[in-house]
Structure formats: structure tokens, C-alpha cells
There are 2 protein chains.
Amino acid sequence: MKNAVPFAAPTFSPLYRQIRALITRSLESGEWRPGEIIPSEAELASRFGVSQGTVRKAIDEMAAENLVVRRQGKGTFVSTHMDPDSYSRFLRLAANEGKLQAPTSVPLECWRAKAGADVARTLAIEAGAAIIIVRRLLRSGNVPAVFDEIYLPGELFPDLTLDILKSADISLYSLFESRYGVYPVRADERLRAVAADRVSARVLQVAEGSPLLLVERVTLTYGDKPVEWRRAYYSTQDFHYHSELG
Amino acid sequence: MKNAVPFAAPTFSPLYRQIRALITRSLESGEWRPGEIIPSEAELASRFGVSQGTVRKAIDEMAAENLVVRRQGKGTFVSTHMDPDSYSRFLRLAANEGKLQAPTSVPLECWRAKAGADVARTLAIEAGAAIIIVRRLLRSGNVPAVFDEIYLPGELFPDLTLDILKSADISLYSLFESRYGVYPVRADERLRAVAADRVSARVLQVAEGSPLLLVERVTLTYGDKPVEWRRAYYSTQDFHYHSELG
DNA sequence: CAGTGGTCTAGACCACCTC
DNA sequence: AGGTGGTCTAGACCACTGA
């Protein structure tokens, strides 16, 4: 009867999950930012008044979800998209033959608009709110690979322009982090096959109507808050989308 | 200098990984089969002469990879595809709107052939070795969703026929397990967009040449041994392939 | 060398399941 | 009541990093 409660159960969580929630809150609040080191397990343990093993288990879970990265001998670091090693953490592009040539990003267009019903719902903003639309091309060794159409909430990216995109790095998300303090944490993708329309056919240099792999991505930050909606058209003559199932 | 060795390093692994390897070997050898319970952590600890915590960590890893499933109060069980809860562990099919109707499998054809170069390489068998080719349709609420063309090494599935497939369950993998002792553990998928050929267009009831999502899957059992090669054509008018990125 | 995460142990208690 | 996995602790030692 120890856990008995009137009405709905509050679903007690173990200590290490509460610790995890506390650490996550510090991430959200920006106490430790992506790329930075977080306090040692021993220090967190004494701060929260629990054993090191409990902190360890909390961090283990967060490391499993790529929220943080452990480095033996150095410490534990907040995950970032600016680290070259995890530049393209969310990119599942691979070459049909051989290894994928390092992809390069070519920003094409960037303009402002008002959110339609679909975009507003997906980004959890008001219909009619300001949004930014970006189009860009991803090339791999001079071969067009992916054509992206990206929808961003204007509020989070106040001054974004094509020039800024052009001067930025290949990883859009490293720009999100460094310039706007927006930290992509995870993403959800829906894959379909579609016929190339005129625009994507021209950009990807394929025949209009030829089959393209459409990848719709909703990118989320801490607290599952959406920060990006993206439609990516993959040219799959020379490339494919790689997925591992366990 | 403790770990110094002449020539290439043997890459010492921690105790819990060695324990994990021992447990995995017992799975491979069939000492405990899918669906069955494995010995308790305490018993494994005493059997291997290590602490329960070490066994726990080994099993933790295996549970994270879906090799085993923990059930509090009951025990730890070898993962199976026969459990209704994990019928479609490898299926990423989802409905564009609403929830996916429970899919049903319709076996269409089943014949024997000799492995060509491609199939032989993928299945790691000799070119010219006996293979079995299966075609089937997956429907969701009477709507055609996925057309599968499946290549199997003949050696592993000696007596497979269309009749057996027809009398089997929705999950092909539950048949693999129950009738042939073949246990799919993980899979690797390559996704592309292609134009529907005559056969798949007819089966999926779409126009010839319309875009389809092609999912090529290599299915592996213990020790990363390939046991199946599959080409799946997804009709993505009403459905999509769902992928989560962390 | 000191500091970090990584491993391993032993023991206590809790939550859940079955008999 | 007895068995299982789940949590939590405390302490020891190892492996890696950088000053």
C-alpha cells in the first residue's frame, strides 16, 4: 500500500530519472551549452546529494540518446552539431557504390512568409505567424544529391538571410546553435516516393516526373519543441537512405 | 605497460563483455531459444563466477539491442518474432493519416532458383547455390501497401512452399523461427525511389511508372550471418516509412 | 601527477509476479 | 512467501587525459 494514492497514480520515477530531469533542465536553461563540459559525476552527485552511481545511471541514459557524450579521462560534454564528428548526425545519406564523398551545401534561396495551416500545426505556432523558407542543395562530389525546402519559425531566427547561409558551414544545425541558440536534439522522419516536379527536377538535374525519395523531417529541441520542418528530395540514382533495424 | 603486447593489440574487453559473449554463444547454440526464459542474473553470476552487477551490465547491453527482453518479477527472455507485441519489429510502415490498420500478409508465389552473383554475394553463399524466391503482398485494411520479393538461401529453408506460407502467420519471421530455427536478429535497409514496373504496379494497384519506395533489406542472424535478402516496394499514397533520429 | 570516466564488487532494499 | 528484475549505495581499482 505504500504507493497507494487517491485518484490517478502520479507514476513515481526512480531517483536516477529525477536526477536526469534535473540535468536536462540545466541543459535547457543553457547552464551548460552544446560543446561545453558538464560537471564531473562526483560533483553532480554531491550537488544533488546522491551517490555517484545514481548520477552515472542518469548520464548513461542521456548518453544513449545522444544528449551528452562521454569522453574517458576528460569528462562529459553536451552534444553539439558543431563537432565535425557529428556534423551530419541526422543525415542518413549513403552512396550506392563506394564511400560517400563529403557533402557540400549550396544555399539557393531564403525568403520570409506567413505560416499556412500545415506549417503552423507542424511547428506549433499560430497560423499566419512569420516563417522563413530556405531552399538549398546538397552535393556529394559535384553530384546533386538532396534538394531541401526548409520551414523555420521566424521568431527563432530573426535575422536569417541567404548571405548568412552562404557564409555558414555545411551543417545548417551548427548555424542554428552558434548564431541562434537553437539546439536540435532529435528528429522524426516520414519517407515517401514522389515524382519530381519542375523545380526539384531542375535542381537535381533529373527528368521531370522521375521518382524521388521525399523525406519529411520535423526537428525537435529540448522538451520536444519543434524548431524546423523540412522537405528533402533525395536523388536515388547514385545515393540511398540508410536505415538500421535492431 | 600492463597491456603492452608484441604486435597487434588483442583489444582486451571488460569482464561484462566477455560475459555477454558467453551468453550470446548460448543463444547461438540454442541452449535457450527465442521466447524462452534465460537463467536468473544470480544464477548466471554464480555460473560464471562474477558478481550479479557484472551479469546485469552484460544483459543491459543485450536488452538495448533487443537480443533479450527483461520482465520485472518474471525474468529475462530471449527475443522472438512470435510474440504478438514484436510481430513486426522490423516494419516501419505507418499510415499517412490516422493509425495503421493491422497489416495482413498475402503470399503470392514461391519458387526455387539458383543464386546469381548479386544474391550470392548478399547472402554469402556460392553462386549457383539453391535459393528460394517468395513474392507476397502486405495489405492494410484491404489497401495494398507493400509488395515483397524475398530471396532465401535454400539450405536454411529446405521444404518451404507456397502452401506453408499460406498457412503461416502474418509474420514471416515467426515462421522462420518456429519451422526452421532461423532467428532474425537485426537488419540493414537501403531506401530508394523507383518507378513501378508492370508486376509491382499490378500487385499494388497503381499506374505503371508511378513512384514507389524501394526498401532493400538484408536480414542477419547471430554472428551477423545473412539469412534473407528482400526487396520491398512500398506504395506511399496512403502510407509512409517512419524513421526516428536521435 | 591529479582528475575524469569505466569497471567490478557486495549488500541492502524495493517493485512486481507467481504460487 | 519466495523468486525475479530494478534501484541505490559505498568503496576499490583501472584506463585514459592533460598539465
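Because the structure is predicted, anything quoted here is derived from the model rather than measured. Naming convention: chains lettered A, B, ... in sequence-line order (proteins, then strands); numbering from 1 in each chain. Below, each value reflects all heavy atoms present in this structure, side chains not excepted, and no hydrogens, waters or symmetry copies.
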Out of [options], whichever nucleotide has its closest atom nearest the side chain of [X]:
X	options	answer
B/Ser40	D/dT4, D/dG6, D/dC8	D/dT4
B/Thr54	D/dC8, C/dT9, C/dG6	C/dT9
B/Tyr16	C/dG6, D/dA10, C/dT7	C/dT7

Grab the [atom1]-[atom2] distance between [X] and [N] for me, whole Å please.
X	N	atom1	atom2	result
B/Phe77	C/dC16	CZ	C1'	13 Å
A/Glu43	C/dA2	CD	P	19 Å
A/Lys57	C/dG6	NZ	P	16 Å
A/Gln52	C/dT4	CD	P	10 Å
B/Glu41	C/dC8	CD	C1'	15 Å
A/Leu44	C/dG3	CG	C1'	15 Å
B/Arg17	C/dT7	CZ	C1'	12 Å
B/Leu15	D/dC14	CG	C1'	12 Å

Charged N-O contact under 4.0 Å between [X] and [Y]:
X	Y	result
A/Arg186	A/Glu65	no
B/Glu216	B/Arg192	yes
B/Glu31	B/Arg25	no
A/Arg70	A/Glu41	yes

| message | Does D/dG3 have its OP1 or OP2 closer than 4.0 Å to a side-chain nitrogen or oxygen of B/Lys74? | response | no

| field | Any B/Arg70 side-chain N or O less than 4.0 Å from OP1/OP2 of D/dG6 | value | yes

| task | Scan A/Gln72 against the nucleic acid and name what it touches under 4.0 Å (heavy atoms): base, sugar-phosphate only, or nothing. | result | base

| query | When all nucleic acid strands are considered with a 4.0 Å heavy-atom cut-off, which category describes A/Arg56: base, sugar-phosphate, or nothing? | reply | base

| Does a side-chain heavy-atom distance below 4.5 Å link A/Arg217 with A/Asp188? | no

| note | Between A/Gly73 and A/Asp60, whichever has its closest DNA chain C nucleotide further toward 5' is A/Gly73

